[in-house]
Asks: 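Here's a structure for you.
In what follows, chains are A, B, ... by sequence order, proteins preceding strands, each numbered from 1.
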Amino acid sequence: MSAPSKQPVVDPVVVTAGTTCAEAIAQAGLPTSGPKAIVVVRDASGQLRDLDWAPSSDESVEPIAIDSPDGLNVLRHSAAHVLAQAVQDLFPEAKLGIGPPVENGFYYDFSVSKPFQPDDLEKIEKRMQEIVKSGQTFKRRRFEDLEAAKAELKDEPFKLELVDIKGDVDADVMEVGGGELTIYDNFDKDGKRCWGDLCRGPHLPSTRFIPAFKIMRSAAAYWRGSEKNPQLQRIYGTAWPSRDALKAYLQFLEEAAKRDHRKIGSDLDLFSFPDEIGSGLAVFHPKGGIIRRELENYSRKRHEEEGYQFVNSPHITKEQLFLTSGHLPYYKDTMFPPMQIEGAEYYLKPMNCPMHHLIYRARGRSYRELPLRLFEFGTVYRYEKSGVVHGLTRVRGLTMDDSHIYTTQEQMGDEIKFLLKFVLDLLADYGLSDFYLELSTRDDSPKFVGSEENWAEATAALERAATESGLELVPDPGGAAFYGPKISVQARDAIGRSWQMSTIQVDFNMPERFGLEYQAADGTRKRPALIHRALFGSIERFFGVLTEHYAGAFPAWLSPIQVVGIPIRTDHAPFLQSFVDRLRGQGIRAEVDESDDRMQKKIRTAQQQKIPFMVLAGDEDVSNGTVSFRYRDGSQRNGVSLDEAVEHVVEFVKSRANSGPSAA
RNA sequence: GCCCGGUUAGCUCAAUUGGCAGAGCACCUGUCUUGUAAACAGGAGGUUAAGGGUUCGAGUCCCUUACUGGGCUCCA
């Protein structure tokens, strides 16, 4: 995401009783137009107010600029109103849903008989431009009472519903008359009212304050987010404080599209989703296979070093196992339907954990073995709804780097701390280093199992580990799974998008269900604590994220082809071949481009394949016993002796550096 | 699962109101032997996603299915 501008520090402004904020802002010499314009204020109670608000007593307010987070929301909210006005101008039968600001833009939902077509959107955008240009003012108006509101909104069924909900939920709002039911009217230059919408506000002073916007797309959305409700047509738009900001945002989207792992995956021949296999089921081609193997191998090595033990489990199992684990009742909808074998029902596994618990339970366990860390690259299958599968990030067959850690209650805190550090270090080794954490905890909902004390203890342990990491921690109350709290690690990629990566999850349910025990030092039998932990989440997803992070230019150690030899003339090929053979002898993935293409074309091809090292040799290099490097960034290092060149490549790959190589 | 698009050569995309399926890249063959992002010429490549319907005639219009894109819903 383009970084939101920081809330600018602006000194408060005092608004004299009976005058408007706009007057005070102008008097204070603050910008009233341009990309820093003050568009609303925050009053003493923290509420945002329109600029034409005139307090009844002197009040100190905080001016809010259009490029601040609050200001952007106001801008986008007002843009949504303009969108709705434009739609109702062009499609008078359209009924209004809701139209809030969202990240980077806004949307508005409409009920229309025919969904919007692409050229409808063009017309709507054009009409919006006219409205913006005409400089309509937004004016707040309070409804006298619920009945007045209903009378005025009689042709807007969805708005009526909103008014009713508001009345029901917060009945005294209307009764006290201090009420919140307001409408924003739009007036044109001649003071004629041209449109209005039930709305809490605040809004920009006028449509003139919308410097740059664009309609992005339309889509269906359920009224009030429930699939039981009718579907409305949603139009998405984006709006920015300046044309440049809009341009930068559109460029960001273009950059994101260029990095789309689905496109890169087919351009670089990494993986595909053959229709014949089925939706959401990927095959990895040889080059993708190399990357995947390198990803896995490094992870495997690090896990071994950290005391994990590797296990394997089958892909299908009898029904009973998932009844024991409790998955079947909860997740049957997202499991593939069972197959009948010898009178029993077998399911494809959607999770690895039950298998690991059986391994734990295979014999008596001693406290001396704990923490016991089981690890598996376990492939699972989930019947994701057809509308949600997406590239490698949401698939129906995925391989989790799944680990289950059994500890004593006393060890859990330290284990979590150790785990979080391990997870962050390992992600950093793959080149992701910009993280924040999310702590998902329980709320009052009855769905959560396990004792209050257990939850409190586990939550405290997670929170302590998170705090000690020094990373930003975002609370997610109520977001925990029913069986325990979790930390998730969110990583920001090269262009600032965040992806959920690893999760560390405490589970109070499974040890109970599987009757897991260990024998403590005092001879008593105790229940171990269980921590689920996935680091990549799924290999497929992680592969996709890394592909986008690197835009296909994988670090040399992951690159499917690390070195391509490019002869200047055909007869230089044998010289390069012997060089490449030396590299291969040291485990480097190297080849010579012996195609009929000219040297320049070979460079272009290698460049498009994002090969880290191009090694050229012509008459000069051959007679000097040297080669010349061209790196992926276009930089060169010429006339390098063969020994040095071999060492250079080998050392660079071994270093697992995630940037470069480069002569710079 | 729901709504709206889309599916034409390996890839990216053309094809007038229904009237002979085409281009670039990639691939193959030949010529050329060149110092850092595209040599030249030729060739091959198609049941227009699949199935059905309307029509003298369908890539084009209609129906069904599959896949796919954007959203909604969902995501242990």
Asks: Name the nucleic acid region contacted by A:Y330, choosing base, sugar-phosphate or nothing; use a 4.0 angstrom heavy-atom cut-off, strictly under.
Replies: nothing
Asks: For the pair A:K258 and A:E254, find out whether any cationic side-chain nitrogen is under 4.0 Å from an anionic carboxylate oxygen.
Replies: no
Asks: Got a donor-acceptor pair under 3.5 Å from the side chain of A:R598 to the base of B:rC32?
Replies: yes
Asks: Any carboxylate oxygen within less than 4.0 angstrom of a Lys/Arg side-chain nitrogen, looking at A:R637 and A:E644?
Replies: yes
Asks: With heavy atoms under 4.0 Å as the rule, sort A:D333 into base, sugar-phosphate or nothing.
Replies: nothing
Asks: Could you give the distance separating B:rG43 and B:rU60 at their C1' atoms, to the nearest angstrom?
Replies: 31 Å
Asks: I'd like to know if A:R632 reaches the base of B:rA37 with its side chain such that a donor and an acceptor end up less than 3.5 angstrom apart.
Replies: no
Asks: Treat primed atoms plus P, OP1 and OP2 as sugar-phosphate and everything else as base, then score nucleotides 62-73 of chain B 5' to 3': B for base contact with protein heavy atoms under 4.0 Å, S for sugar-phosphate contact only, - for none.
Replies: -----SSSBBBB
Asks: Quick one: do A:K318 and A:E345 make a salt bridge, cutoff under 4.0 Å?
Replies: no
Asks: Please name all residues satisfying ring-ring contact (aromatic ring centres under 6.0 Å, His included) with A:Y550, sequence neighbours left out, ordered by chain then number.
Replies: none
Asks: Quick test of your reading of the model: are A:K287 and A:D269 salt-bridged, counting only N-O distances below 4.0 Å?
Replies: no
Asks: Expressed in whole Å, how much space separates the P atoms belonging to B:rA58 and B:rU48?
Replies: 11 Å
Asks: Treating a pair as Watson-Crick (purine N1 to pyrimidine N3 plus N6-O4 or O6-N4) or G-U wobble (N1-O2 and O6-N3) with both distances under 3.5 Å, list the stems of 3 or more consecutive pairs that involve RNA chain B.
Replies: B:1-7 with B:66-72, B:10-13 with B:22-25, B:27-31 with B:39-43, B:49-53 with B:61-65
Asks: Between the base of B:rG35 and the side chain of A:D621, is one N or O donor paired with an acceptor at under 3.5 angstrom?
Replies: yes
Asks: Shorter than 3.5 Å, N or O on both sides, protein versus nucleotides 44-46 of chain B: list them out with atom names.
Replies:
none

Asks: I need the residues from residues 564-577 of chain A with at least one non-hydrogen atom less than 4.0 Å from RNA chain B; give them sorted by number, or say none.
Replies: A:I568, A:R569, A:T570
Asks: Using a 4.0 Å cut-off on heavy atoms, which residues in residues 633-641 of chain A reach RNA chain B? List them by number, or say none.
Replies: A:Q636, A:N638
Asks: Between A:R224 and A:E161 (salt bridge meaning N to carboxylate O under 4.0 Å), is one present in this structure?
Replies: yes
Asks: What's A:E620 touching, base or sugar-phosphate or nothing? Going by heavy atoms closer than 4.0 Å.
Replies: base
